[in-house]
Amino acid sequence: SSSSSSSSSSTTETLSLTSHLTPQVIIAKKRQNREPHTAIEISWFIQQFMEGNVKDYQMTAWLMAICLNGMTDEETAALTESMVQSGVVMDWSNPSLPNSNNNNAATASQQQQQQQRNHKVDKHSTGGVGDKVSLILAPLVASFDLTVPMMAGRGLGHTGGTIDKLESIPGFRTQYAAEEFAQLLLSSSPSNDTNDGDGDGDCGEPLNAAIVSPSENMCPADKRMYALRDVTSTVTSPPLQTSSIMSKKIAERPDSLVLDVKFGRGSFNNNVEESLELAKRMIQTGELCGIRTTALVTRMDDPLGCSVGNWLEVEECIDIMTVGMGEDRKVETDGSLSKDLVDVTLALAGQMLVQGGKAETIRQGFVMAREHLSNGKAWQKFQDMVKAQGGDVSCIDHPEKYPRAKFSAQVISPRTGYISSIDSMEIGLVGVLLGAGRKTVEESVDFSAGIRFRKKAGAFVCRGDVLAEAYTERDGVLENNAVRRVLEAFRFSDVEVGDLPPLITNFVTKNGVEEFDQSTLADN
């Protein structure tokens, strides 16, 4: 009875704090901008919106006031949490953890290992062209007994989507309810689902890595608000961007989060200053919501890696994870053309290992991750993830058998010289033209369409060399437009380009911004 009395008292207190509120009061307060909203005001407004008591035109007025006058970090965090609470939130206490029945008998060492293993760390990228990092990163970090509960999106416009890439693997399932997602992550890895013979009765290591779409009932307030922002020119408001991005990550309830905040031609933010501001806002929001959050700020002037397109990018990741393993098959991609992709992936993995308690420094984590990438542990975990999510493992084991696009064409260099850059925005748009991306959320994508690069920025080329190959299922697209546009995305120089600008420019924490230590990426 004491708990019901406490609950009743709390409800009465909340009612007394919100009884004077109306949509007009909330809108006027943000329009006048004399003092910030309280968390209770924001929570009330979002709840009333979801219940239909705040109309779309009233929400639009408030969003425009935010766009014009901004929000404090505390307001942004309150808005983010209100979006999170509008729908389903991950509950990690619900599914039984491995060996949970044997906790009393576990040694102190086993309990410490279990606690570390249960650390949930995720990564979010603000989007780019050829950004296939998650496909390697999730299984790579999970191979260190950390849990990576990754929710990802589909491609829209010039940027690709992780979910589209994974769905190019036949049978790969990305739609899970929240409880199913938790059970999937904590289920036994397919490669370890037999007794290991040590007499302890366990069923092997948990899967620990899964990449899925956010469930339909997760952050529904954000979906409705974004639809209004999209048609009222309020998409680019920093606090609204921050709350929209972070709400979906915070609904996962990870213990920590690493952000990959991009800038450059193929990013939503053109310059590094914009990306630093966004990174700082996202970190403050994450920290205020109780999640340790850091960021790497990375350059997206040129496409990342050597492929753009759904299956082509999966194939590049397979090549990276199996290189040097003696796989008896033709490697489709030149590993040297994927160095930028590998460096960003290992740097993000290094910081995730730091936050998960597995490494002391990002450099140490980088080296540890590089070892798991080369010794096959990341590849094994990727195979486990594909199998657990219903994908056809024979397809990734023998990618050379994957159906190829109906039409293809080579892009030939018209001159001798050096490649100074490749315009990632133009490449992303051509990808949409080929069918690898979509202009609207309703459109489907062609899994085999895309572009594979044979040369990248900094390379010396002769007239007649193959710069890239384009693939599509669409008749007439290559000769009419696509090949010409891919070629126009290349910039040439008569003189050697020299060192390319750093790929990772900054490391950001709640304590501030620092230049990224380039020695972290050293090969030795």
Side-chain angles (χ1 to χ4, degrees), residues 7 10-11 14 18 21 23 26 37 39-56 58-60 62-63 66 71 75-95 120 122-124 147-154 156 161-163 173-186 210-231 234-235 237 239-257 259 282 285-286 288-291 293 441-442:
S7 173
S10 174
T11 303
T14 301
T18 60
L21 296 179
I26 298 293
H37 284 307
I40 287 176
E41 287 171 346
I42 292 173
S43 175
W44 177 87
F45 193 69
I46 299 301
Q47 184 178 350
Q48 294 298 308
F49 175 61
M50 295 306 293
E51 292 175 0
N53 300 320
V54 169
K55 306 304 179 187
D56 283 359
Q58 292 171 317
M59 175 57 77
T60 299
W62 187 64
L63 293 171
I66 292 170
M71 279 183 142
E75 283 179 300
T76 305
L79 175 58
T80 304
E81 188 61 37
S82 296
M83 288 176 169
V84 170
Q85 294 301 329
S86 70
V88 170
V89 181
M90 291 298 297
D91 180 8
W92 295 104
S93 64
N94 190 17
K120 297 171 291 295
D122 194 12
K123 160 261 183 188
H124 174 78
T147 302
V148 186
M150 193 172 285
M151 291 186 182
R154 299 184 185 280
L156 186 62
T162 298
I163 294 300
R173 178 185 171 195
T174 60
Q175 299 290 333
Y176 289 83
E179 188 172 334
E180 288 181 305
F181 180 37
Q183 290 170 344
L184 173 67
L185 279 159
L186 301 172
I211 305 177
V212 304
S213 295
S215 64
E216 285 298 315
N217 51 3
M218 189 169 277
C219 301
D222 173 56
K223 293 183 179 73
R224 286 188 56 193
M225 291 166 68
Y226 190 89
L228 297 175
R229 290 167 56 205
D230 193 34
V231 294
T234 53
V235 168
S237 164
L240 296 179
Q241 276 182 300
T242 301
S243 57
S244 179
I245 292 168
M246 293 298 287
S247 61
K248 293 181 278 291
K249 287 296 169 183
I250 290 168
E252 293 175 9
R253 289 295 189 243
D255 298 303
S256 66
L257 178 64
L259 304 169
M282 292 166 73
T285 298
L288 287 167
C289 290
I291 296 169
T293 309
V441 292
E442 296 83 14

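Remember, it's a predicted structure, so these values are computed and weren't measured experimentally. Just so you know, these numbers use all the heavy atoms, side chains as well, and skip hydrogens, waters and symmetry mates.
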J.: I would like to know whether Glu180 and Arg173 meet side-chain contact (heavy atoms from CB on, under 4.5 Å); could you show each step before the answer?
T.: CA-CA 12 Å; Glu180 288 181 305; Arg173 178 185 171 195; 3.2 Å; yes
J.: In the structure I gave you, are the side-chain heavy atoms of Met90 and Lys120 within less than 4.5 Å of one another anywhere?
T.: no
J.: Quick one: do Arg253 and Asp91 make a salt bridge, cutoff under 4.0 Å?
T.: no
J.: Taking all atoms of both residues into account, what is the closest heavy-atom pair of Pro214 and Ala152, and its distance?
T.: CD-O, 3.3 Å
J.: What's the separation between atom SG in Cys289 and atom CD1 in Ile250, rounded to the nearest 0.5 Å?
T.: 3.5 Å
J.: Does any part of the side chain of Tyr226, heavy atoms only, come nearer than 4.5 Å to the side chain of Leu240, both counted from C-beta?
T.: no
J.: Sequence neighbours excluded, which residues qualify as side chain to side chain contact (heavy atoms under 4.5 Å, CB included) partners of Thr174?
T.: Arg154, Ile163, Glu167, Phe172, Ser213
J.: Mind checking the CE-OG1 spacing from Met282 to Thr76? Nearest 0.5 Å is all I need.
T.: 12.0 Å
J.: Looking at residues at least two apart in the chain, or sitting in another chain, which of them share a side chain to side chain contact (heavy atoms under 4.5 Å, CB included) with Leu288?
T.: Asp73, Ala77
J.: In chain order, what residues pass the salt bridge (charged side-chain N to carboxylate O under 4.0 Å, His left out) check against Lys249, with sequence neighbours excluded?
T.: Asp122, Glu252
J.: Looking at side-chain heavy atoms only, is the closest gap between Tyr176 and Ser215 below 4.5 Å?
T.: no
J.: Taking the side chain as every heavy atom from C-beta outward, state whether Trp92 and Asp255 have any pair of such atoms under 4.5 Å apart.
T.: no
J.: Under the side chain to side chain contact (heavy atoms under 4.5 Å, CB included) rule, collect the residues that match up with Gln47, sequence neighbours excluded.
T.: Glu51
J.: What distance do Leu63 atom CG and Arg229 atom CZ have between them, rounded to the nearest 0.5 Å?
T.: 7.5 Å
J.: Compare all side-chain heavy atoms of Trp62 with those of Val54 and state whether any distance is below 4.5 angstrom.
T.: no
J.: Among Met246, Glu75, Gln85, which residue satisfies the side-chain contact (heavy atoms from CB on, under 4.5 Å) criterion with Thr80?
T.: Met246
J.: Quick one: side chain to side chain contact (heavy atoms under 4.5 Å, CB included) partners of Ala210, sequence neighbours excluded?
T.: Phe181, Leu184, Leu185, Gln389
J.: Which residues pass the salt bridge (charged side-chain N to carboxylate O under 4.0 Å, His left out) test with Lys248, not counting sequence neighbours?
T.: Asp222
J.: Answer yes or no: is there a donor N or O on one side and an acceptor on the other, between the side chain of Ser247 and the main chain of Ser244, under 3.5 Å?
T.: yes
J.: So Met59 and Arg224, do their side chains get closer than 4.5 Å, heavy atoms only?
T.: no
J.: Is the shortest heavy-atom distance from the side chain of Thr285 to the side chain of Glu81 under 4.5 Å?
T.: no
J.: Please report the closest heavy-atom contact between Ala251 and Val89, naming both atoms and the distance.
T.: O-CG1, 3.6 Å
J.: Got a donor-acceptor contact below 3.5 angstrom from the Ser43 side chain to the Ile40 backbone?
T.: no
J.: If you take all heavy atoms of Met225 and Phe49, which pair is closest and at what distance?
T.: CG-CE2, 3.9 Å
J.: How many angstroms lie between OG1 in Thr293 and CG in Leu259, if you round to the nearest 0.5 Å?
T.: 6.0 Å
J.: Taking C-beta and beyond as the side chain, do Pro239 and Leu79 meet within less than 4.5 Å on heavy atoms?
T.: no
J.: So how far is it from Met83 CE to Ile46 CD1, rounded to the nearest 0.5 Å?
T.: 6.0 Å
